[in-house]
Amino acid sequence: QVQLVESGGGLAQAGGSLRLSCAASGRTFSANVMGWFRQAPGKEREFVAAMHRSSSRSSYADSVKGRFTISRDNAKNTVYLQMNSLKAEDTAVYYCAVRARAVFPNSAYDRREAYDYWGKGTQVTVSS
């Protein structure tokens with residue numbers, strides 16, 4: 001089992017920045033890919049960013065490329081999502097996720113079904 005706890009959400013002005021954190025505990029050696037998803041009310045949960053634990057290979061949704069950056073601190077078993085140039089449409093609950101199954105380097109892991117463990121989410125609200 002892997003436990004995930006998100007933090008760092010809150011209120012921001014359009015054009016501002018926030019940094020989300022996701023702290024992993026339990027069987028952290030099984031966290032082969034860590035990802036971020038988001039979900040607005042009445043909408044499907046959508047992919048934001050992902051990173052392979054060993055290679056640091058990253059992928060991003062087109063809607064956040066050039067604005068968001070995923071990173072990690074292995075000593076703290078923590079993954080981050082730095083969000084810059086925030087837009088009102090970034091408003092959502094942001095979820096951290098982990099894939100424990102075997103991984104393939106060329107895969108983007110941008111689908112919800114690719115992940116095995118989920119955090120409870122943190123709210124991000126961006127005002128225009």
Side-chain angles (χ1 to χ4, degrees):
Q1 290 289 114
V2 177
Q3 293 78 46
L4 304 172
V5 179
E6 303 97 334
S7 62
L11 303 174
Q13 296 280 342
S17 298
L18 286 172
R19 189 177 77 160
L20 306 184
S21 299
C22 175
S25 61
R27 295 170 59 88
T28 57
F29 59 86
S30 297
N32 296 314
V33 179
M34 301 192 72
W36 289 96
F37 287 71
R38 66 187 183 186
Q39 186 169 24
K43 296 184 178 180
E44 296 289 329
R45 189 171 299 185
E46 65 177 359
F47 171 77
V48 176
M51 172 178 283
H52 287 245
R53 184 183 65 180
S54 60
S55 69
S56 296
R57 179 184 177 91
S58 301
S59 60
Y60 296 90
D62 289 341
S63 60
V64 307
K65 284 182 179 178
R67 300 189 298 121
F68 292 8
T69 303
I70 188 170
S71 62
R72 68 184 182 188
D73 185 337
N74 289 333
K76 297 181 179 180
N77 291 318
T78 299
V79 64
Y80 304 96
L81 185 69
Q82 179 67 47
M83 305 186 295
N84 298 327
S85 301
L86 284 165
K87 304 174 180 179
E89 52 262 45
D90 295 320
T91 296
V93 176
Y94 283 70
Y95 297 90
C96 180
V98 160
R99 177 181 172 91
R101 288 166 284 163
V103 298
F104 299 90
N106 293 330
S107 297
Y109 294 103
D110 57 356
R111 297 182 180 275
R112 185 175 181 177
E113 293 77 14
Y115 293 86
D116 304 298
Y117 301 100
W118 294 84
K120 294 182 179 179
T122 184
Q123 177 71 48
V124 171
T125 302
V126 182
S127 61
S128 60

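Remember, it's a predicted structure, so these values are computed and weren't measured experimentally. This chain uses plain numbering: 1 for the first residue, then up along the sequence.
The cluster map of Ile, Leu, Val, Met, Phe, Trp and Tyr, joined by side-chain heavy atoms under 4.5 Å apart, puts Tyr60 and Tyr95 in different clusters. Leu4 is connected to Tyr94 through a chain of hydrophobic side-chain contacts under 4.5 Å among Ile, Leu, Val, Met, Phe, Trp and Tyr, so both are in one cluster. No continuous path of hydrophobic side-chain contacts links Val98 to Phe104 [ILVMFWY only; heavy atoms under 4.5 Å]. No path of Ile, Leu, Val, Met, Phe, Trp and Tyr side chains, each step under 4.5 Å between heavy atoms, connects Phe37 with Leu18, placing them in separate hydrophobic clusters. Hydrophobic clustering, with ILVMFWY side chains joined whenever heavy atoms are under 4.5 angstrom apart, keeps Trp118 apart from Val124.
At least one donor-acceptor pair closer than 3.5 Å links the side chain of Thr91 to the backbone N or O of Val126. Listed for the Asp116 side chain is a donor-acceptor partner under 3.5 Å among the backbone atoms of Arg101. Not one N or O on the side chain of Arg57 forms a donor-acceptor pair closer than 3.5 Å with the backbone of His52.
If you take CD on Gln3 and CZ on Arg27, they are separated by 10.5 Å, rounding to the nearest 0.5 Å. To the nearest 0.5 Å, the span separating OG1 on Thr69 from CZ on Arg19 amounts to 11.5 Å. For the atom pair CE of Met34 and CG of Leu81, the computed distance is 11.5 Å after rounding to the nearest 0.5 Å. The OG1 atom of Thr78 sits 12.5 Å away from the CG atom of Leu20 when rounded to the nearest 0.5 Å. If you take OG on Ser127 and CG on Leu86, they are separated by 10.0 Å, rounding to the nearest 0.5 Å. Going from atom CD of Glu46 over to atom CD of Gln39 covers 9.5 Å, rounded to the nearest 0.5 Å.
Using a 4.5 Å cut-off on side-chain heavy atoms (C-beta onward), Trp36 and Met83 make no contact. Counting only heavy atoms from C-beta outward, the side chains of Tyr80 and Cys22 never approach each other to under 4.5 Å. Within the 4.5 Å cutoff, the side chain of Ser107 has no heavy atoms near those of the Arg99 side chain.
Scanning all heavy atoms of the two residues, the minimum distance from Ser85 to Ser17 falls at N-OG, 4.4 Å. In terms of heavy atoms, Ala100 sits closest to Asn32 at O-ND2, 3.1 Å. In this structure, Arg38 and Ser63 approach most closely via the heavy-atom pair NH2-OG, 3.5 Å. Heavy-atom minimum distance, Ala108 versus Ser59: O-OG, 2.9 Å. Across all non-hydrogen atoms, the minimal contact from Val33 to Ala50 is CG1-CB, 4.2 Å.
Applying the salt bridge (Lys or Arg N to Asp or Glu O under 4.0 Å) criterion to Glu89, with sequence neighbours excluded, gives no partner residue. Under the salt bridge (Lys or Arg N to Asp or Glu O under 4.0 Å) criterion, Arg112 pairs with no residue, sequence neighbours left out. Take Asp110 and apply the salt bridge (Lys or Arg N to Asp or Glu O under 4.0 Å) test, not counting sequence neighbours, and it matches no residue.
By the 4.0 Å N-to-carboxylate-O rule, Glu6 lies too far from Lys120 to be salt-bridged with it. Between Asp90 and Lys87 no salt bridge is recorded (no basic side-chain N to carboxylate O distance below 4.0 Å).
Between Tyr115 and Tyr109, the ring-plane angle classifies as perpendicular under the 30° and 60° cut-offs.
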